[in-house]
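Structure provided below as structure tokens; questions to follow.
So you know, we letter chains A, B, ... as the sequences are listed, proteins then strands, and number each from 1. Values below: every heavy atom of this structure, side chains too, minus hydrogens, waters and symmetry copies.
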Amino acid sequence: MHNMEISWAFRELADLLEFEGEDFFKIRAYRRAAKVIAGLDEPVEKLYRQGRLGKVPGIGKNILAKTGELIEKGEMAKLQELRRKWPPTIPEVMALPGIGPKRARFLYEQLGVASLDGLEEAAREKKIRALKGMGVKTEQEILRSIELVRSRAGRILLPLARELAREMADCVREAPGVFQVHVAGEIRRWEEIVEEILLVAAAEEPEPVLNVLAAHRRVREVLVRERDRIRVHTWWGVPVELRVAAPGGYGAALLLATGSREHIRRLMEYARERGLAEDRAAAGPAQEERAGMFAAWAGNITLQPAGASTGKNAYWKAAISPDRHPVQNTDPLAPVPGAPLPPEEEEIYRRLGLWPVPPELREDREELEAAARGEPPRLLEVGDIKGDLHVHSDWSDGANSILQMVKRAREKGYRYLAITDHSRSLGVARGLSLERLQEQHRLIRELNESEEDFRILTGTEVDILARGGLDFPDEVLAETDVVVASVHSGFRQDRDTLTRRVLEAVENEHVDIIAHPTGRLLGEREAYDLDVERVIEAAAKHNKILEINSSPDRLDLNAHYARLARDHGVKLAINTDAHDLRRLDEMIYGVAVARRAWLGPEDVLNTMDLPDLLKLLGRK
DNA sequence: GCCGTTTTCGGCCCGACTGTTTTCAGTCG
């Protein structure tokens with residue numbers, strides 16, 4: 001059983017218990033377990049079988065037993081009991097912003113509302129406003145939220161998509177006759193949100209490969225099946241499509257499956273204009289047919305004589321030549337951003353007289369024009385990153401100690417790490433008081449004495465207060481290595497007020513970085529109403545750094561604004577905002593955003609060596 | 001329900017905001 005399935009079971013259990021009015025701390029324990037399990041590096045099942053699961057913090061006797069039930073029997077008695085007792089759609093009502101357990105219960109008891117559909121109907125019939133404690137505003141807010149939730153149904157964030165794609169691709173790779181598999185589509189382009197998972201496999205015989213996917217235990221229903229293509233609906237709620245190409249046509253198939261649609265369209269136009277692709281387009285053939293023609297042309301490219309391949313990954317390995325920049329992870333199923341293209345695909349661009357366009361740039365944002373002109377840009381790579389300038393420790397709401405975070409940072413090859421715990425106003429996150437902050441900074445200075453070739457930077461993530469101003473006085477910030485400022489309250493203030501708050505932080509001489517500048521939480525919360533252009537202009541004027549927050553549910557700034565910032569001469573910092581060890585690894589997502597924004601190492605603060613970094617931050 | 005170099009019970013998450021009130025409950029970060 002997948003970790004995510006177990007995590008979801010505990011989350012559902014917590015939701016239903018909360019609806020029942022169960023003890024707050026018990027619910028919190030289940031939620032925490034769900035979070036811990038989702039964040040584990042190893043399969044829960046393995047830990048369980050080896051008797052190590054009980055040692056994981058947050059997992060005690062009871063949760064261990066319930067997890068065992070899930071693993072052994074595939075279900076949990078307590079959860080099934082609750083599902084029988086209450087309508088199973090209750091959690092979707094509680095998940096709505098503004099509706100918690102109390103209101104969900106109240107709506108259920110007063111109106112019999114137990115699902116989004118039911119709630120929407122009640123709101124449209126103006127029944128909500130008649131209830132005690134609710135009014136017209138609440139009713140309208142409910143309708144708005146429902147619309148938002150509906151619009152994001154069936155869309156998942158990139159890390160989960162990568163994990164699911166990997167699981168499916170792993171099984172395809174073992175299918176008879178398959179010698180190469182890639183994850184393509186949105187995932188390969190590193191889009192923030194994924195609507196479908198696309199896989200491409202190379203094999204002479206498609207039939208047995210398609211059969212393997214059709215029989216996968218996550219597959220609920222086969223939606224489309226053709227000779228060399230299958231599209232299925234999965235347990236995860238996301239469609240998965242597998243295309244099987246003959247080895248000779250693999251490059252073209254991968255290229256076509258990676259997209260985007262506009263990039264492919266332009267690429268085919270480009271090929272036709274140069275007489276490089278068959279042109280039967282005069283009569284206006286459908287997209288698919290044109291793609292087919294292009295594939296037929298591109299498919300003629302064979303790089304190696306048949307039989308030259310010595311194994312499944314031979315093509316892949318051939319692509320990694322020593323003159324490339326170092327790439328840490330070249331697993332084709334879950335690569336890091338900047339992993340090399342397979343040579344068959346690369347060759348198609350070369351034959352068209354273009355440099356091979358990295359998947360992250362295939363969005364029809366002038367990448368073909370650039371590719372037709374000179375040299376490819378030197379885009380940022382994971383290996384360029386020399387440190388992380390925004391992480392949390394167990395001094396505030398992080399899970400790990402400073403030393404644990406430092407150890408992992410060193411293992412990642414970093415040269416520095418800034419510990420930026422929350423400031424005093426952020427109560428929930430156990431924000432540091434002035435005294436605690438200074439105590440922490442003293443400790444860090446001590447720890448640095450025994451660190452060689454590595455520097456722990458003192459820092460703070462200082463709140464930009466709702467009433468304006470910063471949460472710590474200037475003289476304290478002046479003595480801090482890295483001051484990261486960010487908004488955590490007053491999200492609903494109007495554009496002027498919010499922009500003014502952020503501008504004030506930009507103008508403060510002690511602030512170095514504005515973190516997650518727009519405050520969006522993908523799939524959860526819209527960005528607050530901020531005039532980002534003005535913030536970028538101010539950052540340029542005051543030499544301030546803007547963050548690309550790598551957390552996959554933030555990715556903030558996004559590629560659009562990151563590019564705009566760069567064009568204004570603003571440097572970006574790519575930080576993880578990690579609250580535990582594992583999330584230090586999320587740097588890849590921020591790097592992908594930077595690549596999608598066409599950033600190179602020179603545009604990014606934390607590619608700098610420590611002395612240059614300190615100099616730029618104006619530190620004494 | 002979990003946890004313990006304050007260890008088998010008692011503590012763990014509090015303050016701001018919102019929409020609804022007329023003094024506050026519910027939600028959220």
- Taking atom P of B:dT27 as reference, at what distance in whole Å does atom CZ of A:Phe24 sit?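 After rounding, the gap between these two atoms is 13 Å.
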- Message: If I pick the P atom on B:dT23 and the same atom on B:dC17, what distance separates them, to the nearest angstrom?
- Response: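 Those two atoms are separated by 23 Å.
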- Item | B:dG4 to B:dC13 separation - P atoms, rounded to the nearest Å |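 One P to the other, the span is 14 Å.
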- Message: Nearest whole Å is fine: how far is B:dG15 P from A:Asp397 CG?
- Response: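 Going from A:Asp397 (CG) to B:dG15 (P), I get 17 Å.
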- Query: Only one of A:Gln440, A:Glu461, A:Arg436 clears side-chain contact (heavy atoms from CB on, under 4.5 Å) with A:Asp421; which?
  - Reply: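 Among A:Gln440, A:Glu461, A:Arg436, the one meeting side-chain contact (heavy atoms from CB on, under 4.5 Å) with A:Asp421 is A:Gln440.
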- Could you tell me whether the side chain of A:Leu389 reaches within less than 4.5 Å of the side chain of A:Tyr416, counting heavy atoms only?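 Answer yes - side chains close enough.
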- Message: Any heavy-atom pair between the side chains of A:Glu451 and A:Asn448 that's under 4.5 Å?
- Response: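 They are in contact (side-chain heavy atoms under 4.5 Å apart), so the answer is yes.
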- Just how far, in rounded Å, is P of B:dT27 from CZ of A:Phe19?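 These atoms are roughly 12 Å apart.
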- Determine the contact category for A:Ala466: base if any of its heavy atoms lies under 4.0 Å from a base atom, sugar-phosphate if only primed atoms, P, OP1 or OP2 are that close, otherwise nothing.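 Sugar-phosphate: the residue A:Ala466, judged by heavy atoms under 4.0 Å, touches backbone atoms but no base.
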- Task: Could you tell me whether the side chains of A:Ser551 and A:Asp577 share a donor-acceptor contact shorter than 3.5 Å?
- Result: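 Absent: no donor and acceptor within the cut-off.
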- Item | A:Asp531 and A:Thr499: side chain donor to acceptor below 3.5 Å |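 Looking only at side-chain atoms, A:Thr499 and A:Asp531 do not form any donor-acceptor pair under 3.5 Å.
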- Message: Pairing donors with acceptors under 3.5 angstrom, does anything connect the side chains of A:Thr458 and A:Arg445?
- Response: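 No - no donor-acceptor pair under 3.5 Å links their side chains.
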Please report, to 0.1 Å, the donor-acceptor pairs under 3.5 Å made by any side chain of residues 70-84 of chain A, with sequence neighbours excluded.
unit_1	atom_1	unit_2	atom_2	d
A:Glu72	OE2	A:Arg49	NH1	3.2
A:Arg83	NE	A:Glu12	OE2	2.8
A:Arg83	NH2	A:Glu12	OE1	2.8

- Query: What's the NZ-P distance between A:Lys26 and B:dC2, to the nearest Å?
  - Reply: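 Result: 10 Å.
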Donor-acceptor contacts, no H, no angles, side chain residues 101-117 of chain A, under 3.5 Å, sequence neighbours left out:
unit_1	atom_1	unit_2	atom_2	d
A:Arg103	NH1	A:Gly98	O	3.0
A:Arg105	NE	A:Glu109	OE2	3.0
A:Arg105	NH1	A:Phe19	O	3.0
A:Ser115	OG	A:Gly118	N	3.1
A:Asp117	OD1	A:Arg150	NH2	2.6

- Could you run down nucleotides 19-24 of chain B 5' to 3' and tag each one B, S or - for protein heavy-atom contact under 4.0 Å? SS----
- Message: For the C1' atoms, the ones on B:dG15 and on B:dC9, what distance do you get once it is rounded to whole angstrom?
- Response: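 Their C1' atoms lie roughly 29 Å apart.
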- Task: Say whether A:Trp395 and A:Glu439, considering side chains only, have a donor N or O and an acceptor N or O under 3.5 Å apart.
- Result: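 Per modelled atom types, A:Trp395 and A:Glu439 side chains form no pair under 3.5 Å.
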- For A:Phe491, answer base if it contacts any base atom (sugar-phosphate contacts may also be present), sugar-phosphate if it contacts only those atoms, and nothing otherwise; contact means non-hydrogen atoms under 4.0 Å.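 Sugar-phosphate contact only - A:Phe491 comes under 4.0 Å of backbone atoms but never of a base.
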- Query: Can you tell me if A:His390 and A:Glu547 form a side-chain donor-acceptor pair at under 3.5 Å?
  - Reply: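 Note: A:His390 and A:Glu547 side chains meet the donor-acceptor criterion.
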- Message: Please report the distance, rounded to the nearest Å, between CD1 in A:Ile27 and P in B:dC13.
- Response: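 Rounding to the nearest Å, CD1 of A:Ile27 and P of B:dC13 are 16 Å apart.
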- Tell me which of A:Gln493 and A:Tyr30 sits closer to the 5' end of DNA chain B, going by the nucleotide each one is nearest to.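 Looking at DNA chain B, the more 5' nearest nucleotide goes with A:Tyr30.
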- Message: Check this for me, if you would: do A:Glu446 and A:Arg442 make a salt bridge, where the nitrogen-to-carboxylate-oxygen distance has to be below 4.0 angstrom?
- Response: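 No, this pair does not count.
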- Message: Stacking between A:Phe25 and B:dC2, defined as ring centres under 5.5 angstrom apart with planes under 30°, is that present or not?
- Response: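 A:Phe25 ring does not meet the centre or angle cut-off for B:dC2; no stack.
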- Item | B:dG1 and B:dT6, which share atom name P, separated by this distance in whole Å |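 Those two atoms are separated by 27 Å.
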- Does OP1 or OP2 of B:dC13 have a side-chain N or O of A:Arg28 closer than 4.0 Å?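 Answer is yes, contact under 4.0 Å.
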- Expressed in whole Å, how much space separates the P atoms belonging to B:dA16 and B:dG11?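 Here B:dA16 and B:dG11 have their P atoms 25 Å from each other.
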- For B:dT20 versus B:dG26, give the span between their C1' atoms, rounded off to a whole number of Å.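 Pairwise C1' distance, B:dT20 against B:dG26, rounds to 11 Å.
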- Item | For atom CD of A:Glu109 and atom P of B:dG26, their distance in whole Å |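 The answer, rounded to whole Å, is 12 Å.
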- Contacting residues from residues 53-81 of chain A, given that a heavy atom lies under 4.0 angstrom of DNA chain B: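 Output list: A:Val56, A:Pro57, A:Gly58, A:Ile59, A:Gly60, A:Lys61, A:Asn62, A:Ile63.
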- Query: Between atom OH in A:Tyr108 and atom C1' in B:dG26, what is the gap in whole Å?
  - Reply: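 Atom OH in A:Tyr108 sits about 21 Å away from atom C1' in B:dG26.
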- Which residues within residues 89-102 of chain A lie with some heavy atom under 4.0 Å of an atom in DNA chain B?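 DNA chain B contact set from residues 89-102 of chain A: A:Leu96, A:Pro97, A:Gly98, A:Ile99, A:Gly100, A:Pro101, A:Lys102.
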- Value in whole Å for how far the C1' atom of B:dG15 lies from CZ of A:Arg424: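 My rounded result for the distance is 15 Å.
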Please list, one pair per line, the donor and acceptor atoms closer than 3.5 Å that link side chains of residues 125-136 of chain A to other protein atoms, with sequence neighbours excluded.
unit_1	atom_1	unit_2	atom_2	d
A:Glu125	OE1	A:Lys127	NZ	3.0
A:Arg129	NE	A:Glu139	OE2	2.9
A:Arg129	NH2	A:Glu139	OE2	2.8

- Query: When rounded to the nearest Å, what value does the distance between C1' atoms of B:dG19 and B:dC12 take?
  - Reply: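 Roughly 30 Å separates the two C1' atoms.
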- Query: Should B:dC9 form a Watson-Crick or G-U wobble pair with both distances under 3.5 Å, which nucleotide is its partner?
  - Reply: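 In the structure as shown, B:dC9 has B:dG4 as its Watson-Crick or wobble partner.
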- Message: Can you tell me how the ring of A:His422 sits relative to the ring of A:His488, calling it parallel under 30°, perpendicular over 60° and tilted otherwise?
- Response: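 Perpendicular: the ring planes of A:His422 and A:His488 meet at over 60°.
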